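This report refers to the structure that appears directly beneath it.
Every value quoted in this text rests on a predicted model; they were computed, and no experiment measured them.
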Amino acid sequence: MGLAKSEPQTPLRDRMRYWFDRTLARSTGTLMGWLVITCLAVVVPVSLLLVWTDPGSPTSLSGRLTAAWRISAETLRLGAATGTPLRMVLSAVLGLVALLCVSTLVGVITTGLADRMTELSRGRSTVLERGHVLVLGWSDQVTTVVGELIAAQAPRRPRAIVLLADRDKAVMEEALAARVGPVARGRIVCRSGPPSDPDVLTLASPRSASTVVILPSAGPTADAEVLRILLALRAAIGGYTDGPPVLAAVRDDRYRAPARLAAGPLGTVLEADTVTARLIAQCVGRPGLSLVLRDLLDFAGDEFYLADATAFQDGPFGETLLCHPDSCVVGLLTPDGRTLLNPAADTLVLPGSRLIVLAHDDDSTRVEDCRHLVDVSVIATARPEPAVPSRLLILGWNSLPAP
């Protein structure tokens with residue numbers, strides 16, 4: 001039978017450190033006691049040394065002890081009253097009470113500021129904006145959407161863009177910083193929290209927003225989350241007839257009908273993946289069409305606007321085409337919300353209709369008679385191109401259902 005090996009002895013330094021750590025972890029009073037002992041262990045010997053090495057100090061022992069007490073009391077802010085022992089004890093008690101009150105006040109202020117800074121860094125404070133654009137949810141499209149919203153704003157009328165998503169505020173700000181410039185970055189307000197929670201949603205002031213945009217995430221339950229956000233939005237606003245217009249996007253066509261019901265009469269629901277697939281199909285075999293669509297759909301250069309059609313009320317749509325020198329009329333928005341793109345020239349412009357124009361900005365849609373500038377002799381009728389069979393190679397597969 002072999003002898004058991006003896007365990008190595010723990011060094012005294014490590015045992016003392018372990019005992020000290022356990023002592024500090026017991027309570028706040030223990031920590032304060034150690035602080036008092038440490039201060040006295042340093043201040044009192046140094047004060048005695050200063051008195052005993054001072055040539056001008058009193059020669060008697062009581063005088064030197066009184067001088068040492070005065071130095072220690074002034075150092076620890078305990079009061080420097082001298083006299084009877086009772087007077088010195090009362091002075092020390094008052095100094096300790098004053099020190100405790102000041103320390104408590106500093107601690108309360110520091111804790112309050114730290115909690116407030118933590119709350120601000122978490123993005124849980126209320127947004128006090130009016131007329132802002134509220135973006136709910138986070139997806140891979142959010143940087144593009146925010147960038148286009150900033151580009152669409154007029155320099156003289158900037159609006160805040162409030163983003164509420166269940167992500168860390170610092171992460172959202174870092175992701176958006178690379179997309180927007182430093183000037184526009186000051187108009188972006190990020191708040192952290194689940195948008196499907198009505199209590200969290202009220203932090204973004206949805207009732208005072210000019211527009212609400214809801215983006216689907218990349219997860220498998222993205223469309224269900226959009227439905228929950230729409231319901232929470234209506235709960236936070238307080239109904240379907242009041243509040244800003246809502247634009248929501250879903251990925252699956254099966255969720256479009258319930259999303260429209262949840263969005264209400266002021267809501268518009270788009271099926272993002274289907275729209276993207278149709279745009280891709282339109283660009284097949286048409287080189288350069290993708291560049292044209294991108295130029296029309298982004299906010300760089302000319303884009304679509306709605307113009308007043310009061311001057312053409314009860315008249316044919318064809319008269320509007322030659323009365324806009326700085327813009328191009330491409331369609332009509334009827335009073336019942338129907339969109340007519342390139343309608344027939346004899347289409348009647350009803351009261352309450354609006355013109356869909358392609359212009360540089362909404363201020364360049366002035367009305368002026370330009371019929372005298374038309375040269376009828378150069379107008380030619382386009383000939384239809386003969387149908388030519390083509391072969392297409394489609395690579396890849398996605399989750400969209402077959403038509």
Side-chain angles (χ1 to χ4, degrees), residues 133 145 148-149 151-154 157 210-213 240-241 243-249 256-257 259-260 263-272 274-279 281-283 286 289-376 378-382 384:
V133 179
V145 171
E148 291 297 323
L149 289 175
Q153 294 182 3
R157 297 194 307 269
S210 61
T211 307
V212 178
V213 181
Y240 288 91
T241 58
V246 179
L247 175 62
R256 183 169 55 177
R260 284 179 176 176
L266 299 178
T268 302
V269 179
L270 301 177
E271 190 181 356
T274 302
V275 173
T276 303
R278 289 175 178 175
L279 291 176
Q282 290 291 332
C283 297
R286 297 178 177 86
L289 180 59
S290 60
L291 299 178
V292 175
L293 293 176
R294 185 179 65 180
D295 185 65
L296 291 176
L297 297 178
D298 65 8
F299 288 97
D302 296 344
E303 54 270 353
F304 292 105
Y305 291 96
L306 293 177
D308 185 23
T310 305
F312 308 98
Q313 181 176 323
D314 296 328
F317 173 77
E319 293 184 358
T320 66
L321 301 179
L322 299 179
C323 295
H324 292 79
D326 302 324
S327 58
C328 178
V329 181
V330 297
L332 190 65
L333 181 64
T334 61
D336 56 356
R338 292 185 299 117
T339 301
L340 305 179
L341 295 180
N342 194 24
D346 57 353
T347 302
L348 188 65
V349 180
L350 300 176
S353 299
R354 305 187 70 183
L355 300 177
I356 304 175
V357 299
L358 185 64
H360 184 69
D361 53 50
D362 53 356
D363 295 335
S364 60
T365 58
R366 62 187 181 92
V367 177
E368 181 181 338
D369 190 2
C370 302
R371 286 176 292 183
H372 62 282
L373 301 176
V374 178
D375 188 356
V376 182
V378 299
I379 299 177
T381 303

From the options Val357, Leu322, Leu358, select the one residue that forms a side chain to side chain contact (heavy atoms under 4.5 Å, CB included) with Val329.
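Only one of Val357, Leu322, Leu358 forms a side chain to side chain contact (heavy atoms under 4.5 Å, CB included) with Val329, namely Val357.
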Identify the heavy atoms of [X] and [Y] that sit nearest to each other, and give their distance.
X	Y	value
Gly352	Pro335	C-CG, 3.9 Å
Gly331	Phe317	O-CE1, 3.6 Å
Val349	Phe312	CB-O, 3.4 Å
Ala309	Arg354	CB-CA, 4.1 Å

Using side-chain contact (heavy atoms from CB on, under 4.5 Å), reason through Leu355 and Leu332 one step at a time and then give a plain yes or no.
CA-CA 5 Å; Leu355 300 177; Leu332 190 65; 3.6 Å; yes
What I'd like to find out is whether the side chain of Pro351 reaches to under 4.5 Å of the side chain of Asp314, using heavy atoms alone.
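Pro351 vs Asp314: side chains touch.
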Any Thr268 side-chain heavy atom under 4.5 Å of Val246 side chain
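Not in contact.
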Any chance you could measure [X], atom [atom1], to [Y], atom [atom2], to the nearest 0.5 Å?
X	Y	atom1	atom2	value
Ser290	Gln282	OG	CD	12.5 Å
Phe304	Ser327	CZ	OG	12.0 Å
Leu270	Arg260	CG	CZ	9.0 Å

Under the side-chain contact (heavy atoms from CB on, under 4.5 Å) rule, collect the residues that match up with Glu319, sequence neighbours excluded.
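If we apply the side-chain contact (heavy atoms from CB on, under 4.5 Å) test to Glu319, skipping adjacent residues, the hits are Pro316.
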As a quick check of understanding, evaluate side-chain contact (heavy atoms from CB on, under 4.5 Å) for Asn342 and Val330, giving each step before the final call.
CA-CA 5 Å; Asn342 194 24; Val330 297; over 6 Å; no
Could you note down all residue pairs passing side chain to side chain donor-acceptor pair (under 3.5 Å) where residues 332-341 supplies at least one of them, sequence neighbours left out?
Thr334-Asp336, Asp336-Arg338
